[in-house]
Amino acid sequence: MPVDVLLGLQWGDEGKGKIVDVFTPEYDVVARFQGGPNAGHTLEFEGIKHVLHTIPSGVFRKNCINIVGNGVVIDPITLKKEIESLQKLNVDISSILHISRKAHIIIPTHRILDAASEAQKGKEKIGSTLRGIGPTYMDKTGRNGLRVGYIEDEDFMRRYDKLKSKHEELLEQMNFEYSLDEEEKKFFEAIGLMRTLSFTDSEHMLNRLMKQGKKILAEGAQGSLLDIDFGSYPFVTSSNTISAGACTGLGIAPGNIGRVFGIFKAYCTRVGSGPFPTELNDDTGEQLRKAGNEFGATTGRPRRCGWIDIPALRYAIMINGVTDLIMTKPDVLSGFDKIKVCTSYKIGSKTIDYMPFDFVNAPIEPVYEELPGWKTDLTEVREESNFPAELSNYISYLEKTLEVPVSVVSVGPDRSQTIIRKK
Ligand code: GDP
Ligand code: IMO
Ligand code: MG
């Protein structure tokens, strides 16, 4: 059985958590392949609203195995909090959660380094979630990282101290003030909890499950436009958020990737700094933020809002090999007379329909086409036959221009507010 992948096509927060939860009954395994606690994946069902950061979004469904892959970076403190809040909801993760020994650990000084690096950048800061993601991936690629599997070794403390000392030297050079004691205490308590969890060689486990015919869904974090290679560099995260990341982040061979579900909002949002050609710094942007409740699930920061961006979406579809599109939040657009769609970018006298290399500094002006909006509330709609004609028109337009079918439409945050168009 090939492994299916679900990932974001924009700047994150497309609704990945919600849709993974909706899809999970069709799968035996859900596996996160990259990112860390910079992610905030929101699930809503039966009156419960829950945000996951590290733990895969299959965790609320019975009999689903949840794997945190080698490509993920784990903050033990956040993981402990997540486990405790799941326990309050009577979700016992002990038999269903497995963590790759090859995943890297975020230590408290990684988070301090993240803050120091952002402070140094001043106006050019990335707008990081300050969860230590960048410094941890830097230590991974720099071959200094602390891996989950080392927790089982006798010399874990030696490795930890060595890494911490390296960070302390850096922080001194950066002249950054910090205090560590409290965070270190919490860290070692959380390491204590991690010792009770199931560590696994997840690449072996996943390939074995695949051979047994189990259905596996790989869950991405962030979005394609935040990818370290293909995103709006340097305003990106530090991992490969694209479908290839599911291969390296889980140990799945490329030939074993099946469907690639690319999820996007019916408009566009971004948290943190960086280019956003269709951003609306006006009442319409404010209206989207309010109607879409666009505030970060991890940091609570207001999300920047704007119209849908076709050149960027087309690029993300190409890089990921998207086979199925999933559109979320068209309900937020209800009431708009016209909906704008950015079809190309004007840069000086040139008009292009792709993302240019100089996405960050080029004076990009979005070129829009207008489509009629729909007036009706969508949140109670459960059948495609009840879609207003203008919504059907919007979907057809997107399918035609993006050349990929829209298989699922989400019309609200709840599990039940989901319309499957094509199996
Ligand atoms: P993720 O990071 O991709 O999992 O997305 P987030 O959870 O950060 O942000 C998506 C937000 O939109 C969450 O608050 C979801 O509950 C909510 N959401 C998801 N799908 C829909 C939808 O179709 N309509 C509306 N109104 N909200 C949605
Ligand atoms: P999910 O999985 C939206 C953004 C940050 C910042 C940049 C780098 O919930 O979609 P980092 O902390 O990774 O160094 O921040 O990336 N960012 C996200 N934006 N959703 C996310 O995750 C994000 N994870 C990181 O705001 O601009
Ligand atoms: Mg999110």
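In each ligand, atom 1 is the first atom listed, and ligand 1 is the first ligand listed. Quantities reported herein were computed from a predicted structural model and do not represent experimental measurements.
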Engineer: Under a 4.0 Å heavy-atom limit, does Leu226 contact ligand 2 with its side chain, its backbone, both, or neither?
Structural biologist: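 For Leu226, only side-chain atoms sit under 4.0 Å from ligand 2.
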
Engineer: For ligand 1, which part of Val411 has a heavy atom less than 4.0 Å away: the side chain, the backbone, both, or neither?
Structural biologist: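 Val411 to ligand 1: backbone contact only, side chain stays beyond 4.0 Å.
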
Engineer: Within a strict 4.5 Å, meaning less than it, do heavy atoms of the Glu168 and Leu180 side chains meet?
Structural biologist: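 Contact flag for Glu168/Leu180 side chains = yes.
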
Engineer: Under 4.0 Å, heavy-atom basis, I'd like to know which part of Glu44 is in contact with ligand 1: side chain, backbone, both or neither.
Structural biologist: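 Answer for Glu44: side chain.
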
Engineer: Taking side-chain hydrogen bond (donor to acceptor under 3.5 Å, both in side chains) as the test, write out the residues that go with Ser344, two or more places apart.
Structural biologist: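 Residues passing side-chain hydrogen bond (donor to acceptor under 3.5 Å, both in side chains) with Ser344: none at all.
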
Engineer: Tell me whether the Mg ion (ligand 3) has Ala297 as a neighbour, meaning an N, O or S atom of it below 2.8 Å.
Structural biologist: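 Within the cut-off used here (under 2.8 Å), Ala297 places no N, O or S atom near the Mg ion (ligand 3).
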
Engineer: Between Pro413 and ligand 1, which residue portion shows a heavy-atom distance shorter than 4.0 Å: side chain, backbone, both, or neither?
Structural biologist: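 The answer is both.
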
Engineer: Decide whether the shortest distance between a heavy atom of Thr298 and an atom of ligand 2 is less than 4.0 Å.
Structural biologist: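 Checking ligand 2 against Thr298, which is what was asked, there is no heavy-atom contact under 4.0 Å.
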
Engineer: Using heavy atoms and a threshold below 4.0 Å, how should the contact between Lys18 and ligand 1 be classified: side chain, backbone, both, or neither?
Structural biologist: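 For Lys18, the contact with ligand 1 is made by the side chain alone.
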
Engineer: Does Arg303 have a non-hydrogen atom less than 4.0 Å from ligand 1?
Structural biologist: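 Judged by the 4.0 Å heavy-atom criterion, Arg303 does count as contacting ligand 1.
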
Engineer: Using a 4.0 Å heavy-atom cut-off, say whether Arg131 meets ligand 2 through its side chain, its backbone, both or neither.
Structural biologist: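 It is neither; nothing of Arg131 touches ligand 2.
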
Engineer: Out of all atoms in ligand 1, which are within 4.0 Å of some heavy atom of Ser410? Include the element for each.
Structural biologist: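 The list of qualifying atoms is 20 (N), 21 (C), 22 (C), 23 (O).
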
Engineer: Could you tell me which atoms of ligand 1, counted from 1 in the order shown, lie closer than 4.0 angstrom to a heavy atom of His41?
Structural biologist: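 Matching atoms, with element in brackets: 1 (P), 2 (O), 4 (O), 7 (O).
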
Engineer: May I ask which of Asp13, Ile126, Leu7 has a heavy atom nearer to atom 21 (C) of ligand 2 than the others do?
Structural biologist: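 That would be Asp13.
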
Engineer: Could you check whether any heavy atom of Ala297 sits closer than 4.0 Å to an atom of ligand 2, since that is the contact criterion I want to use?
Structural biologist: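 Checking ligand 2 against Ala297, which is what was asked, there is no heavy-atom contact under 4.0 Å.
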
Engineer: So, Asn320 and Ser224: side-chain donor and acceptor under 3.5 Å apart, yes or no?
Structural biologist: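 Yes.
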
Engineer: With atoms numbered from 1 as shown, which atoms in ligand 1 lie under 4.0 angstrom from a non-hydrogen atom of Gly17?
Structural biologist: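 Going through ligand 1 atom by atom, the ones under 4.0 Å from Gly17 are 4 (O).
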
Engineer: Quick one: look at Asp331 and ligand 1, take heavy-atom pairs under 4.0 Å, and tell me if it's side chain, backbone, both or neither.
Structural biologist: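 Contact part for Asp331 vs ligand 1: side chain (C-beta onward).
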
Engineer: Is a donor from one side chain sitting under 3.5 angstrom from an acceptor on the other, for Ser128 and Glu118?
Structural biologist: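 No, no side-chain donor-acceptor pair sits under 3.5 Å.
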
Engineer: Kindly confirm or rule out a cation-pi arrangement of Arg304 over Phe276, judged by NZ or CZ under 6.0 Å from the six-membered ring centre and within 45° of its axis?
Structural biologist: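 Here Arg304 fails the 6.0 Å and 45° test against Phe276.
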
Engineer: Is the shortest distance from a Lys or Arg side-chain nitrogen in Arg131 or Asp75 to a carboxylate oxygen in the other one below 4.0 Å?
Structural biologist: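 So Arg131 does not pair with Asp75 through a salt bridge.
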
Engineer: Check the side chains of Thr269 and Trp11 for a donor-acceptor pair under 3.5 angstrom, ignoring hydrogens and angles.
Structural biologist: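 Looking only at side-chain atoms, Thr269 and Trp11 do not form any donor-acceptor pair under 3.5 Å.
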
Engineer: At the 4.0 Å heavy-atom cut-off, does Gly8 count as touching ligand 1?
Structural biologist: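 Not so, Gly8 does not reach ligand 1.
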
Engineer: Quick one: nearest non-hydrogen protein atom to atom 6 (P) of ligand 1, plus distance?
Structural biologist: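 Minimum-distance protein heavy atom for atom 6 (P) of ligand 1 reads Gly40 O, 3.5 Å.
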
Engineer: Could you tell me if His104 and Asp139 have a donor-acceptor pair between their side chains, going purely by distance under 3.5 Å?
Structural biologist: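 Side-chain D/A pair, Asp139 to His104: absent.
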
Engineer: Can you say whether the rings of Tyr160 and Phe187 are parallel (under 30°), tilted (30 to 60°) or perpendicular (over 60°)?
Structural biologist: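 The arrangement is parallel - the two ring planes meet at less than 30°.
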
Engineer: Please list all pairs meeting salt bridge (Lys or Arg N to Asp or Glu O under 4.0 Å) that have one or both residues in residues 219-243, counting only residues at least two apart or in different chains.
Structural biologist: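 Not a single pair qualifies under salt bridge (Lys or Arg N to Asp or Glu O under 4.0 Å).
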
Engineer: Between Glu390 and Leu371 (side chain of the first, backbone of the second, donor and acceptor by atom type, cut-off under 3.5 Å), is there such a pair?
Structural biologist: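 The answer is no, because no donor-acceptor pair under 3.5 Å joins these two groups.
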
Engineer: Any side-chain donor-acceptor pair under 3.5 Å between Gln34 and Gln222?
Structural biologist: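 Note: Gln34 and Gln222 side chains meet the donor-acceptor criterion.
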
Engineer: Determine whether Arg259 and Asp4 satisfy the following criterion, salt bridge (Lys or Arg N to Asp or Glu O under 4.0 Å), listing intermediate values before the conclusion.
Structural biologist: CA-CA 5 Å; Arg259 286 165 84 176; Asp4 294 339; 5.5 Å; no

Engineer: With a 4.0 Å cut-off on heavy atoms, is Gly127 in contact with ligand 2?
Structural biologist: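 The answer is yes, since Gly127 has a heavy atom less than 4.0 Å from ligand 2.
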
Engineer: Run down the list Gln34, Lys16, Arg32 and name the one with the heavy atom closest to atom 10 (O) of ligand 2.
Structural biologist: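 Considering heavy atoms of Gln34, Lys16, Arg32, the nearest to atom 10 (O) of ligand 2 sits in Lys16.
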
Engineer: Below 4.0 Å from any atom of ligand 2, is there a heavy atom belonging to Arg303?
Structural biologist: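 Checking ligand 2 against Arg303, which is what was asked, there is no heavy-atom contact under 4.0 Å.
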
Engineer: For the residue pair Thr200 / His98, report whether a side-chain donor-acceptor contact shorter than 3.5 Å exists.
Structural biologist: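 Short answer, no.
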
Engineer: Determine whether the side chain, the backbone, both or neither of Thr299 has a heavy atom under 4.0 Å from any heavy atom of ligand 2.
Structural biologist: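 Under 4.0 Å from ligand 2, Thr299 contributes no heavy atoms.
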
Engineer: Using the Mg ion (ligand 3) as the vertex, how large is the angle between OD1 of Asp13 and O of Gly40, rounded to 10 degrees?
Structural biologist: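 Here the angle at the metal atom is close to 170°, to 10°.
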
Engineer: Which option wins on minimum heavy-atom distance to atom 26 (O) of ligand 2: Glu14, Arg301, Glu118?
Structural biologist: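 When every heavy atom of Glu14, Arg301, Glu118 is considered, Arg301 comes closest to atom 26 (O) of ligand 2.
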
Engineer: Which bit of Trp11 is near ligand 2, meaning a heavy atom under 4.0 Å away: side chain, backbone, both or neither?
Structural biologist: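 Answer for Trp11: backbone.
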
Engineer: Out of all atoms in ligand 1, which are within 4.0 Å of some heavy atom of Ala297? Include the element for each.
Structural biologist: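 Taking each heavy atom of Ala297 in turn, ligand 1 has 8 (O) under 4.0 Å.
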
